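Report on one structure; see the data block that follows.
Just so it is clear, the values below take in all heavy atoms, side chains as well, and ignore hydrogens, waters and symmetry mates. First listed ligand is number 1; within each ligand, the first listed atom is number 1. Everything numeric here is computed off the predicted structure, so don't read it as measured data.
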Amino acid sequence: MDFRLTPEQEQFADSVRRFAARHLAPGALERAHRADYPWDVSRLMAQQGLLGITIKEADGGQGGSLIDAVLAIEAVAASCPRSADVVQAGNFGPIRVLAEYGSELHKKKFLSRLLKGEGVISVGMTEPEAGSAVTDLSTRAIPDKGGYRVQGSKVFVTHSAYADLVLTYVRFAPGLNGIGSVLIGTKEKGVNRGKPSAFMSGEEWAELHFDDVFVPEDMVLLKEGGFKKQIAGFNVERIGNAARSLALGRYAFEQARQWALQRKQFGRLLCEFQGLQWKFADVKLKLDAAQLLLYRAAANADRGFPSAEETSLAKLACNQAGFDAANEALQVMGGTGYSQGSLVEYCLRRCRGWMIAGGSLEMLKNRIAEGIFGRSFPQRPE
Ligand SMILES: Cc1cc2nc3c(=O)[nH]c(=O)nc-3n(C[C@H](O)[C@H](O)[C@H](O)COP(=O)(O)OP(=O)(O)OC[C@H]3O[C@@H](n4cnc5c(N)ncnc54)[C@H](O)[C@@H]3O)c2cc1C
């Protein structure tokens, strides 16, 4: 067993760190406070080979590993926390599911544009009445000549205010096995966006309404029975979510560490107060422990999708550690940390959202408990 990165991984992480320090550190604060997508960063990352890291070269990607993509998130976030979202969108989210299960037509039509950083794809799962209980979703795909008519609404979808494509979970038939997914362009007739809203992080989202949208047969990604495959792919998204939590927690930790080395009160540096030293020690323990779980889940996934159990443990640890790190960093930095002139309060707001998105902490614990006891615990009333 070896806990070190390989020389190639070190070299890759170093080169991304240098790229980020040079091109992304300038403007990092401003970027964090903008609601829309950083398209300039997206195109720059495409040129740099940071989109499609885990996607096969034959499909226009880099043919790298999931660990490489995690390293890219960490290296980018160390200079610009907001830009880590672009690494997520170009590697971990629905783009990866599209690359895995999409037809040649899907790849030709959508993937190349996404990999150029010129568009972004969302995943539409959540509905007003189906959040944690996602299999309760009611968006229907009703057979119609040569395809389907889709009716339903999705909420809280990341990038929904400007995405050009939505990987939409739909119901072809009743029950778990009736769920599958279709690809819907947001300019298609019958796709309507509701009034834009904002998360606590400042990111925009809009309700998506599908009013009898025609989806031709060849835009079906996974037919009925595809739910388990979709969730297997969604575990990649969860790794990206976990990686960003950890990376933003580390960013905040580093800001607070530097602050504690230069800020004086009572004639002493903050780092000389034991009450604060112990905060740093506790946070380092949480971050390093979470990182090991994250690397385990990602490294073990290199020949496929990550395991549900390892991903749940990694996401739970990283979501909690990232939030705790940002929260303690803010406390150490006092009024400066709480002010919008520092990115620490932004990291705190972002990390808070990831405790809900992509499987809330509670739902992850439910999944972990099932592994511990080797049985399933249905959450529905008898
Ligand atoms: C920042 C952010 C980004 C998101 N991005 C997307 C996206 O791109 N696409 C998308 O489709 N959705 C997205 N979502 C939605 C997200 O998936 C849901 O918010 C999440 O699944 C929870 O659903 P809910 O908000 O309806 O809460 P509910 O399901 O109503 O849950 C409310 C609370 O009850 C708890 N709870 C529910 N059931 C149980 C149980 N059985 N045991 C214990 N506790 C339980 C939950 O953990 C939560 O704390 C995003 C959400 C956020 C915050």
#### Entry: Aromatic contact, Tyr148 with Phe214 (centres under 6.0 Å)
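Here the rings of Phe214 and Tyr148 have centres that are no less than 6.0 Å from each other.
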
### Task
Kindly determine whether Glu310 and Asn300 satisfy side chain to side chain donor-acceptor pair (under 3.5 Å), including the steps that lead there.
CA-CA 9 Å; Glu310 289 185 357; Asn300 284 344; 3.1 Å; yes

Could you check whether [X] pairs with [Y] (Lys NZ or Arg NE/NH1/NH2 to Asp/Glu carboxylate O, under 4.0 Å)?
X      : Y      : value
Arg257 : Glu254 : yes
Asp40  : Arg43  : no
Arg113 : Asp164 : yes
Asp136 : Arg171 : no

Who's the nearest protein heavy-atom neighbour of [atom], and how far?
atom                    : result
atom 20 (C) of ligand 1 : Ile356 O, 3.8 Å
atom 3 (C) of ligand 1  : Thr158 OG1, 3.4 Å
atom 9 (N) of ligand 1  : Val123 O, 2.8 Å
atom 24 (P) of ligand 1 : Gly131 CA, 4.0 Å
atom 14 (N) of ligand 1 : Phe156 O, 3.4 Å
atom 31 (O) of ligand 1 : Ser132 OG, 3.6 Å
atom 42 (N) of ligand 1 : Asn366 ND2, 3.2 Å
atom 12 (N) of ligand 1 : Thr126 OG1, 2.7 Å

### Query
Side-chain contact, heavy-atom cut-off 4.5 Å: Asp85 with Arg350?
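A side-chain contact exists here, since the closest heavy-atom pair is under 4.5 Å.
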
Could you tell me whether [X] and ligand 1 have an N or O pair separated by under 3.5 Å?
X      : result
Glu203 : no
Met125 : yes
Ala357 : no

Which atoms of ligand 1 have any heavy atom of [X] under 4.0 Å away?
X      : answer
Gln379 : 40 (C), 41 (N), 42 (N)
Ser360 : 46 (C), 47 (O)
Glu362 : 43 (C), 44 (N), 46 (C), 47 (O), 49 (O)

### Task
Give the C-alpha distance, both sets of side-chain angles, the deciding distance and a yes or no for side chain to side chain contact (heavy atoms under 4.5 Å, CB included) between Leu51 and Leu114.
CA-CA 8 Å; Leu51 307 186; Leu114 296 172; over 6 Å; no

### Message
Quick test of your reading of the structure: of Met363, Arg349, Arg380, whose heavy atom lies closest to atom 38 (N) of ligand 1?
### Response
Met363

### Task
Using the ring-ring contact (aromatic ring centres under 6.0 Å, His included) rule, collect all pairs that involve residues 259-286, keeping only residues at least two apart or in two chains.
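Pairs touching residues 259-286 that pass the test: Phe253-Phe280.
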
Checking contacts now, so for [atom], which I'm interested in, is there any protein heavy atom under 4.0 Å?
atom                    : value
atom 34 (O) of ligand 1 : no
atom 40 (C) of ligand 1 : yes
atom 50 (C) of ligand 1 : yes

### Task
Evaluate whether atom CD of Glu129 has more than 12 neighbouring non-hydrogen atoms of other residues, nucleotides or ligands under 6.0 angstrom away.
no

### Task
Please go through Trp205's hydrophobic cluster and name the other residues, only I, L, V, M, F, W, Y counting, with side-chain heavy atoms under 4.5 Å joining them.
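Same cluster as Trp205: Val155, Phe156, Phe199.
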
